[in-house]
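See structure below.
Heavy atoms only: backbone and side chains are in, while hydrogens, waters and symmetry mates are out.
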Amino acid sequence: MSSTELPSAPAASVLPKVATVRVAEGERLRSVGLPGITLTVRSRPPAREGLAPALYVHGLGGSSQNWSALMEQLEGEVDCEAVDLPGFGDSPPPDDGDYSITAHARAVIRYLDASDRGPVHLFGNSLGGAVTTRVAAVRPDLVRTLTLVSPALPELRVQRTAVPTALLSVPGVTALFTRLTRGWTAEQRVRGVMHLCYGDPGRATPEGFRNAVEEMERRLQLPYFWDAMTRSARGLVNAYTLGGQHALWRQAERVLAPTLLIYGGRDQLVGHRMSRKAGQSFRDSRLLSLPDAGHVAMMEYPEVVARAFRGLLEETGQAQAVNPRERAAVAGDGATENAGG
């Protein structure tokens with residue numbers, strides 16, 4: 001058990017039956033019971049035996065489905081698993097109701113310790129970027145490389161477009177929002193999310209949009225949906241105020257793993273300007289800047305993100321088998337540059 005562990009709380013109440021979660025072709029879902037939490041893990045069988053393990057952690061309001069496109073791209077390089085954080089996707093709420101960054105990091109650590117899959121290539125987006133930064137800082141033995149897509153690390157000057165999301169952490173705001181949007185359809189909600197998170201919402205395929213609407217309809221049936229959103233947003237805001245060794249930027253400086261930083265030029269939630277500070281804070285980092293991407297580059301440009309990750313493997317000597325054509329593509333890609341160290 002790691003030093004971040006806390007005693008487990010009593011079991012959660014029985015949850016209602018809702019529609020099943022979509023599983024893409026080639027993927028599998030399984031439920032993993034751990035002290036105080038139950039996690040749903042999405043996996044994609046590797047192209048061959050012996051590949052190093054990878055774990056993907058989604059952002060606020062997301063789920064393991066956010067990584068499906070990238071997992072498919074990287075099935076020949078790593079053994080892919082993506083986790084639904086407690087209260088998100090198909091994972092029930094944590095028994096103790098703790099949605100802090102530390103609690104989410106503890107859930108990831110518990111899973112890696114229990115599954116004995118570490119060290120892994122660890123990926124995080126947005127809230128998941130803050131969570132995986134903390135995991136890499138406190139448990140370097142569990143992390144081979146760290147890939148952060150628009151990580152939610154503290155900003156001194158928050159973008160105006162990010163303010164409504166931050167307001168979810170304010171008591172009473174979520175209740176007001178749910179009353180004001182009671183008449184919104186799942187389709188309207190998904191369009192709003194895509195306009196906020198995508199650099200170009202038109203990049204979402206019709207099938208992808210239908211799947212997102214189906215998932216939104218499922219989540220809205222969950223009695224804890226807004227509670228998980230509110231408490232996780234509050235946990236993220238609270239993490240921004242921590243000082244000393246628990247401050248997220250201080251923990252970024254402690255990360256030893258080679259780090260790939262990915263920022264979108266059209267990101268409305270995490271300012272692209274933060275890429276410079278991130279490059280200076282993570283000691284062994286390189287930057288991929290995507291001018292047309294929004295907040296979820298791994299969903300908008302999975303091929304580009306996959307190529308950058310392969311480049312990280314090549315650079316750090318961890319590529320297990322990259323075909324000559326892909327190696328040439330990696331070597332010729334000028335989008336990735338050293339940003340730190």
Side-chain contact test, heavy atoms from C-beta onward, threshold under 4.5 Å: evaluate it for [X] versus [Y] and give yes or no.
X      : Y      : result
Leu148 : Phe123 : no
Leu236 : Ile101 : yes
Val108 : Thr132 : no
Pro45  : Arg28  : yes
Cys197 : Leu269 : yes
Phe309 : His121 : yes
Trp67  : Cys80  : no
Glu75  : Pro46  : no

Within the distance-only criterion (no hydrogens, no angle test), does the side chain of [X] pair as donor or acceptor with the backbone N or O of [Y] below 3.5 angstrom?
X      : Y      : answer
Gln251 : Val138 : no
Asn211 : Glu207 : yes
Glu77  : Ala319 : no
Thr241 : Asn238 : yes
Ser126 : Ala152 : no
Asp267 : Val296 : no
Trp249 : Ser281 : no
Arg231 : Trp226 : no
Arg110 : Pro35  : yes
Gln280 : Lys277 : no

Going by atom types only, do [X] and [Y] share a side-chain donor-acceptor pair under 3.5 Å?
X      : Y      : answer
Thr316 : Gln318 : yes
Thr259 : Arg286 : no
Glu27  : Ser43  : no
Ser64  : His58  : no
Gln245 : Arg250 : no

Salt bridge (Lys or Arg N to Asp or Glu O under 4.0 Å) partners for Arg144, two or more places apart: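 Result, salt bridge (Lys or Arg N to Asp or Glu O under 4.0 Å) vs Arg144: none returned.
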Glu215: salt bridge (Lys or Arg N to Asp or Glu O under 4.0 Å) partners, not counting sequence neighbours: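 Applying salt bridge (Lys or Arg N to Asp or Glu O under 4.0 Å) to Glu215 gives Arg218, Arg219.
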Would Leu142 and Asp113 count as a side chain to side chain contact (heavy atoms under 4.5 Å, CB included) here? Give the steps.
CA-CA 8 Å; Leu142 294 177; Asp113 279 340; 3.9 Å; yes
Roughly how far apart are Trp184 CH2 and Met216 CE, rounded to 0.5 Å?
->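 Result: 10.5 Å between the selected atoms.
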May I have the step-by-step check of side-chain hydrogen bond (donor to acceptor under 3.5 Å, both in side chains) for Thr40 and Arg30, ending in yes or no? CA-CA 6 Å; Thr40 295; Arg30 73 179 190 280; over 6 Å; no
ask   = Can you check side chain to side chain contact (heavy atoms under 4.5 Å, CB included) on Leu260 and Val305, steps first, answer last?
value = CA-CA 10 Å; Leu260 172 62; Val305 173; 5.7 Å; no
Any pair counted as salt bridge (charged side-chain N to carboxylate O under 4.0 Å, His left out), so long as it reaches residues 117-128, sequence neighbours left out =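 Pairs touching residues 117-128 that pass the test: Asp79-Arg117, Glu81-Arg117.
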Pair Glu314 + Arg310, salt bridge at N-O below 4.0 Å: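 No, no charged N to carboxylate O under 4.0 Å.
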Would you mind checking if Arg42 and Asp90 are paired as a salt bridge, meaning a charged N to carboxylate O distance below 4.0 Å?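 A salt bridge is absent here (no side-chain N lies under 4.0 Å from a carboxylate O).
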Report task. Go through Thr133 and Phe282 one step at a time and tell me if the side chain to side chain contact (heavy atoms under 4.5 Å, CB included) criterion holds. Result -> CA-CA 10 Å; Thr133 294; Phe282 289 91; 3.7 Å; yes
Take Leu261 and Leu288 through the side chain to side chain contact (heavy atoms under 4.5 Å, CB included) test and state the conclusion after the steps. CA-CA 6 Å; Leu261 303 167; Leu288 173 62; over 6 Å; no
